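The block underneath contains the structure these notes are about, expressed in structure tokens.
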Amino acid sequence: MREYLTPDRVANKIRLMRTQYQGTFLITEGETDARVWKNLVNLRQCFVENATNKEKAIGALDILEQDNVSGVLAVVDADFDRLEGKQSPTPNLLMTDTHDLETMLLQSPALEKVLAEYGSEEKIKKLTESTGQDIRTLLILPGVFLGYLRWLSLKEGLSLKFEDLSFKKFIDDTTLALDELKLIKTVKNNSQKYDLDEQTLHKRIEDLKQKTHNPWSVCCGHDLICILSIGLCKALGSCNTRQVESLILEKDLRLAYEAWFFSRTELYQAILQWEAANPPFKVLA
């Protein structure tokens, strides 16, 4: 029933808990995010509350700030906000270093741990040597174009549907190379937007690209994990599809993500600064 939570309900729960609990409240935007945070925070001093999505997390924080409830911090995915030049409206709202929490996991050594479990050293070496690219770059190259398409859809109100995409239709399973026009066609058909011109969309994406954009802020972590899943079946390993479904890989990345990986991030430093500005409240162990 948590999908029916509203910002008011999240805020009311925290208000009621505050009468008995004197620690910090950390509001997250999803259940999987909450699982990661529960492995990173000091659970004796910090209670993790899942608001179920970004808007509800921000809305609940806004209500609690208006009511002067202290010791409440929300952490949400940056999505495209940083690229749009949007700043956090309050020091109690922090964003991920990159597009989302999944991209932070992929940037960390958690990726190497997952590759060691599912990948083939021989295949990984062969692909990286033949392309001259490391694994993260091989994921980013196709992922960034898809990220720009997602961003374009939001900016221009195209209402493109990215759920349930068949990545095998546009990702080469031997090289992880992307067929850009096939991707656009697949997304267009998946969205039943048959009137959109593929060449026009391609040009709009090229116009949107900027060298100053950090590709890790453009890419959606779920997309990169779907590409990784394809790679582990052929280009990077010999798994069957069920072994490396995206949900399984996301879970494994979460489990492989260690606290010391997080301690090297900008978000970690931002939380330390928040703690310093909000004594006696603590988030980190």
Side-chain angles (χ1 to χ4, degrees), residues 7 27-33 36-37 50-62 73-108 136-137 139-165 167 170-171 178 180 183-184 186-188 190-191 193 196 198 200-228 246 250 253 265-267 270-271:
I27 304 176
T28 70
E29 64 171 84
E31 180 59 36
T32 56
D33 289 14
V36 175
W37 284 108
N50 165 28
T52 72
N53 68 37
K54 182 175 181 175
E55 289 71 26
K56 291 177 184 178
I58 294 173
L61 176 64
D62 183 56
L73 175 67
V75 178
V76 298
D77 290 342
D79 298 322
F80 297 107
D81 289 353
R82 196 170 279 114
L83 297 176
E84 295 275 7
K86 296 179 182 178
Q87 302 292 324
S88 172
T90 166
N92 296 318
L93 176 66
L94 302 179
M95 296 190 295
T96 52
D97 290 9
T98 52
H99 188 94
D100 48 33
L101 190 56
E102 287 74 23
T103 47
M104 287 186 66
L105 301 183
L106 287 165
Q107 270 198 325
S108 80
R136 287 180 179 80
T137 303
L139 297 176
I140 281 284
L141 287 174
V144 75
F145 189 89
L146 183 48
Y148 274 116
L149 181 57
R150 286 180 178 272
W151 191 17
L152 180 71
S153 178
L154 289 173
K155 290 174 75 70
E156 299 194 3
L158 301 178
S159 299
L160 295 177
K161 182 175 179 287
F162 294 90
E163 294 79 14
D164 304 318
L165 283 180
F167 278 65
F170 48 82
I171 297 291
L178 170 70
E180 296 176 352
L183 163 61
I184 293 173
T186 301
V187 173
K188 185 183 79 168
N190 191 54
S191 311
K193 298 283 185 177
L196 293 176
E198 292 155 30
T200 300
L201 283 176
H202 193 281
K203 184 179 185 307
R204 289 180 185 174
I205 291 171
E206 292 300 321
D207 291 341
L208 187 58
K209 288 182 179 180
Q210 297 290 334
K211 290 183 179 180
T212 55
H213 293 156
N214 182 340
W216 287 99
S217 291
V218 178
C219 291
C220 170
H222 178 72
D223 294 338
L224 299 184
I225 291 171
C226 286
I227 297 166
L228 176 62
S246 58
E250 288 177 12
L253 283 164
T265 67
E266 294 177 9
L267 181 53
I271 292 175

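Owing to the predicted nature of the structure, the values given are computational and were not obtained by experimental measurement. Just so you know, these numbers use all the heavy atoms, side chains as well, and skip hydrogens, waters and symmetry mates.
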TODO: Kindly determine whether E206 and K209 satisfy salt bridge (charged side-chain N to carboxylate O under 4.0 Å, His left out), including the steps that lead there.
DONE: CA-CA 5 Å; E206 292 300 321; K209 288 182 179 180; 3.2 Å; yes
Task: Donor-acceptor under 3.5 Å (S217 side chain, H99 main chain) - done: no
- [ ] For N92 and L73, indicate whether the former's side chain and the latter's backbone hold a donor-acceptor pair under 3.5 Å.
- [x] no
Open item on the list: Would you say the rings of H213 and W151 are close, in the sense that their centroids are separated by under 6.0 Å?
Closed with: yes
Task: Sidechain-backbone polar pair: S153 side chain, R150 backbone, donor-acceptor under 3.5 Å - done: no
- [ ] State whether the side chain of K193 and the backbone N or O of L160 hold a donor-acceptor pair below 3.5 Å, judged by distance alone.
- [x] no
Task: N/O donor-acceptor pair under 3.5 Å between K54 side chain and D77 backbone - done: yes
Task: H202-Y148 aromatic ring centre distance below 6.0 Å - done: no
TODO: Would you indicate whether E266, at its atom CD, is surrounded by more than 12 heavy atoms from other residues, nucleotides or ligands within a distance under 6.0 Å?
DONE: no
Open item on the list: Can a donor-acceptor pair be found, under 3.5 Å and without considering hydrogens, that links the side chain of D79 to the backbone of D81?
Closed with: no
TODO: Mind running salt bridge (charged side-chain N to carboxylate O under 4.0 Å, His left out) on K188 and E198 for me, showing each step along the way?
DONE: CA-CA 8 Å; K188 185 183 79 168; E198 292 155 30; 2.9 Å; yes
- [ ] Flag the pair F162 / H222 as yes when their ring centroid distance falls below 6.0 Å, and as no otherwise.
- [x] no
